[in-house]
Amino acid sequence: MLVILYFMASSTMMLVLVVLAVVVVGIKQEPSAKELSSQAPNVITAWVRRLLGLYVRKPDQPSAFEEDRGEASITARNSPRWPTGHAE
């Protein structure tokens, strides 16, 4: 029974280490001084982006939040995000 537990723990640790190694390789393949391109350089980097939740959003595509707000998004975009500190 102890051998089975040791085998399960070691195999789980090896799986975690392999996934970590793939993530490190995928991060190293991304250009470091540039912005993320919309197309990943290869399959590994595409998988790592998906695993880490890194997505490139194009500026011409409105977010789902802005689409739901409809007309209010136009006025909200022109107003300042933070209070200016003076009363109107």
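- Side-chain contact between Ile27 and Leu52 is present, with heavy atoms from C-beta onward closer than 4.5 Å.
- Considering all non-hydrogen atoms of both residues, Val23 and Val48 come closest at CA-CG2, 3.8 Å.
- The CG atom of Leu15 lies 11.5 Å from the OG atom of Ser10; values are rounded to the nearest 0.5 Å.
- When all heavy atoms of Thr45 and Ala40 are compared, the closest pair comes out as OG1-CB, 3.5 Å.
- Val22 is connected to Val19 through a chain of hydrophobic side-chain contacts under 4.5 Å among Ile, Leu, Val, Met, Phe, Trp and Tyr, so both are in one cluster.
- Considering all non-hydrogen atoms of both residues, Pro41 and Gln29 come closest at CG-O, 4.3 Å.
- Distance check: Met13 CE to Leu20 CG gives 12.0 Å after rounding to the nearest 0.5 Å.
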